[in-house]
Amino acid sequence: MSKKNGIGPFSRRSFLRSAATLGAAALAAPALAQNATPLEALINDRSRGNWDDQFDAKAAARTAAAVQSNAPILGPDSVPNIQQAIAQYQNIAANGGWPQINPTSQQALQLGATDPAVQSLRQHLMITGDLPREAGISSAFDSYVDGAVKRFQARHGLPADGVLGDFTLKAMNIPANARLQQLNTNLVRLQTFPSDLGRRHVMVNIPATRVEAVEDGQVALRHQAIVGRESRPTHIINSKIYEVILNPYWTAPRSIVVKDIVPLMRKDPTYLTKNNIRLIDGKGQEVAPETIDWNSDKAPDLMFRQDPGKTNAMASTKINFYNPNNEYMHDTPEQGLFNKLMRFDSSGCVRVQNVRDLATWLLAETPGWPRQHIEQVISTRVNTPIKLATEVPVYFVYISAWSARDGIVQFRDDIYNLDGNSQLALNTTQGMEQPVQ
């Protein structure tokens with residue numbers, strides 16, 4: 001491995017450690033390991049998660065989808081599940097980890113390519129449980145490898161396209177010891193949550209940019225999310241959702257007024273008018289934008305309130321929960337942002353894809369608010385606050401590594417650099433992943 005990763009070169013000797021060491025590991029499969037080589041024992045270790053031995057071109061199409069499950073990230077099994085993953089990665093690290101992938105040719109590593117680096121890629125994917133040993137070791141990037149790379153990408157929150165792009169390569173070349181450290185760090189985080197999270201609750205996982213609505217221990221809804229960028233992070237908090245607002249007004253936080261709106265007004269004095277933003281003084285009276293000195297050192301001490309409508313920053317829906325940071329969940333008129341590789345673009349609030357589904361779920365136990373009525377009210381563009389009959393717990397968490405009951409271990413980019421290892425921050429916010437050439 002690279003010197004900058006802090007460990008020595010990956011050698012055949014370290015890869016083929018003694019079978020005795022593997023047999024002593026807590027999660028090794030004794031019956032399989034008795035007569036197997038160390039490599040076979042490691043890749044046959046059933047603690048690595050579930051994958052089908054009949055892994056072929058047809059199976060490859062469903063590998064990424066198989067990583068998803070209806071098991072929530074937070075739950076009564078979260079701690080034992082990640083402890084099992086820790087034991088698995090202790091076993092991997094103790095036996096030399098995995099090889100680095102260093103492509104030698106100019107062509108992108110993807111289905112149909114041939115490159116000596118594919119041999120190391122196959123070894124890596126066998127060790128992590130993404131590729132069955134029946135696939136063998138060769139330089140061919142075949143359908144087996146394609147499916148395994150897609151599975152790896154899905155486990156790491158990357159686009160499951162089967163192409164070994166730069167972010168996929170970075171994720172693969174993070175040492176096993178670093179991943180083990182990441183798991184241990186997240187174990188401590190998971191241990192802070194109560195065993196009873198509420199029969200119905202919402203979880204926002206910041207590094208995974210994911211929202212889960214959980215009911216009776218199962219994920220009822222899962223949404224993509226856009227969360228705070230590193231310079232304006234979304235806060236970690238346990239709270240309760242108390243209100244859904246249809247056709248919300250948007251009141252710009254002071255930080256956005258100072259950092260964003262005032263500079264925009266200096267460039268374009270019609271910005272507020274174009275975006276249906278009104279200035280309101282302390283007496284509730286509207287103030288004309290042209291009466292303000294936008295070149296002053298201080299931003300005007302006024303409320304910046306945007307009318308409901310298609311251009312509203314929160315679009316159709318706002319979800320309020322108790323917090324001191326003026327943060328909330330909401331819709332967005334910029335739906336294309338959900339197509340980005342990583343979604344760390346907000347000023348702290350959380351934009352939720354298909355948020356009307358979440359609003360419908362939240363209001364399911366509030367009489368008089370079926371989906372049809374919600375849509376009717378949204379079509380009027382009339383501001384309509386709705387108090388929930390029963391407040392719903394919400395957990396904003398920072399879980400960058402976890403394992404559900406299916407045994408599939410998942411990792412995410414350490415976007416806020418909270419995991420204590422710079423290698424775990426892949427800088428996936430810097431545009432779209434490109435093939436390594």
Least distance between heavy atoms, [X] atom then [Y] atom:
| X | Y | answer |
| --- | --- | --- |
| Pro99 | Ser120 | CG-O, 3.4 Å |
| Ile92 | Ala176 | CG2-CB, 4.0 Å |
| Asn102 | Ala117 | O-CB, 3.5 Å |
| Val145 | Ala140 | CG2-O, 4.0 Å |
| Pro263 | Val258 | CD-O, 3.5 Å |
| Pro248 | Ala315 | CD-O, 3.6 Å |

Measure the [atom1]-[atom2] distance between [X] and [Y] for me, rounded to the nearest 0.5 Å.
| X | Y | atom1 | atom2 | answer |
| --- | --- | --- | --- | --- |
| Ile206 | His235 | CD1 | NE2 | 9.5 Å |
| Leu362 | Leu221 | CG | CG | 9.0 Å |
| His330 | Leu358 | NE2 | CG | 13.0 Å |
| Leu183 | Arg179 | CG | CZ | 8.5 Å |
| Arg254 | Ile261 | CZ | CD1 | 10.5 Å |
| Gln182 | Ile399 | CD | CD1 | 10.5 Å |

Do [X] and [Y] touch side chain to side chain, with heavy atoms closer than 4.5 Å?
| X | Y | answer |
| --- | --- | --- |
| Val163 | Thr168 | no |
| Glu365 | Val392 | no |
| Ile256 | Phe304 | no |
| Trp402 | Leu74 | no |
| Val262 | Val257 | yes |
| Phe167 | Asp413 | no |
| Glu230 | Asn417 | yes |
| Asp130 | Val149 | no |

If only atom types and distance count, is the side chain of [X] paired as donor or acceptor with the main-chain N or O of [Y] below 3.5 Å?
| X | Y | result |
| --- | --- | --- |
| Gln83 | Leu187 | no |
| Asp414 | Ser400 | no |
| Asn95 | Asn91 | yes |
| Arg210 | Asn205 | no |
| Asn276 | Gln306 | no |
| Gln410 | Gly157 | no |
| Asp115 | Thr104 | yes |
| Tyr416 | Thr234 | yes |
| Glu212 | Ile73 | yes |

[X]: side-chain hydrogen bond (donor to acceptor under 3.5 Å, both in side chains) partners, not counting sequence neighbours:
| X | value |
| --- | --- |
| Ser231 | none |
| Asp77 | none |
| Arg371 | Asp357, Glu375 |
| Ser138 | Arg122 |

Worksheet item: If we ignore angles and hydrogens, is there a donor and acceptor under 3.5 Å between the side chains of Gln110 and Asp161?
Response: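 Looking only at side-chain atoms, Asp161 and Gln110 do not form any donor-acceptor pair under 3.5 Å.
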Fill in: Residues that Trp250 engages under ring-ring contact (aromatic ring centres under 6.0 Å, His included), provided they are two or more places apart
none
Discussion item. Could you go through Leu388 and Leu363, starting from their C-alpha distance and side-chain angles, then the distance that decides it, and tell me whether this counts as side-chain contact (heavy atoms from CB on, under 4.5 Å)?
Written reply: CA-CA 6 Å; Leu388 271 62; Leu363 293 169; 4.0 Å; yes
Practice prompt. Output every pair passing ring pair (Phe, Tyr, Trp, His ring centres under 6.0 Å) with a member in residues 199-229, not counting sequence neighbours, ordered by first then second residue.
Written response: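 Every pair satisfying ring pair (Phe, Tyr, Trp, His ring centres under 6.0 Å) with a residue in residues 199-229: His201-Tyr395.
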Applying side chain to side chain contact (heavy atoms under 4.5 Å, CB included), name anything that partners [X], two or more places apart in sequence or on another chain.
| X | value |
| --- | --- |
| Thr114 | Ser139 |
| Asn184 | Ile86, Leu180 |
| Asn323 | Ile237, Phe321, Asn325, Glu327 |

Item to complete: Among residues two or more places apart or on two chains, list those pairs meeting side chain to side chain donor-acceptor pair (under 3.5 Å) that have a residue in residues 236-246.
Response: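 Output for this query lists Glu243-Asn320.
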Discussion item. For Asp146, is there an ion pair with Lys150 - N to carboxylate O distance below 4.0 angstrom?
Written reply: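 Salt bridge flag = yes for Asp146 with Lys150.
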Worksheet item: Would Leu125 and Tyr144 count as a side-chain contact (heavy atoms from CB on, under 4.5 Å) if you check the C-alpha gap in whole Å, the side-chain angles of each, and the deciding distance to 0.1 Å?
Response: CA-CA 10 Å; Leu125 294 169; Tyr144 286 84; over 6 Å; no
Discussion item. As a test of understanding, state which of Arg200, Met329, Glu391 forms a side-chain contact (heavy atoms from CB on, under 4.5 Å) with Ile241.
Written reply: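 Only one of Arg200, Met329, Glu391 forms a side-chain contact (heavy atoms from CB on, under 4.5 Å) with Ile241, namely Met329.
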Discussion item. Can you tell me which residue among Asn247, Ile245, Leu246 is in a side-chain contact (heavy atoms from CB on, under 4.5 Å) with Pro308?
Written reply: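 Among Asn247, Ile245, Leu246, the one that satisfies the side-chain contact (heavy atoms from CB on, under 4.5 Å) with Pro308 is Asn247.
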Discussion item. Classify the ring geometry of His124 against Trp98: parallel below 30°, tilted from 30° to 60°, perpendicular beyond 60°.
Written reply: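 Rings of His124 and Trp98: tilted, 30 to 60°.
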Discussion item. Quick one, Ile137 with Met126, criterion side-chain contact (heavy atoms from CB on, under 4.5 Å). Give me CA distance, side-chain angles, the key distance, then yes/no.
Written reply: CA-CA 10 Å; Ile137 301 297; Met126 287 178 183; 3.8 Å; yes
Worksheet item: Pairs in or reaching into residues 183-196: which pass salt bridge (Lys or Arg N to Asp or Glu O under 4.0 Å), with residues at least two apart or in two chains?
Response: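 Output for this query lists Arg189-Asp419.
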Discussion item. Give me each pair satisfying salt bridge (Lys or Arg N to Asp or Glu O under 4.0 Å) with a member in residues 311-320, each pair once, sequence neighbours excluded.
Written reply: none
Practice prompt. With side-chain contact (heavy atoms from CB on, under 4.5 Å) as the test, would you mind laying out the steps for Leu197 and Met203 before giving the verdict?
Written response: CA-CA 10 Å; Leu197 299 168; Met203 186 278 309; over 6 Å; no
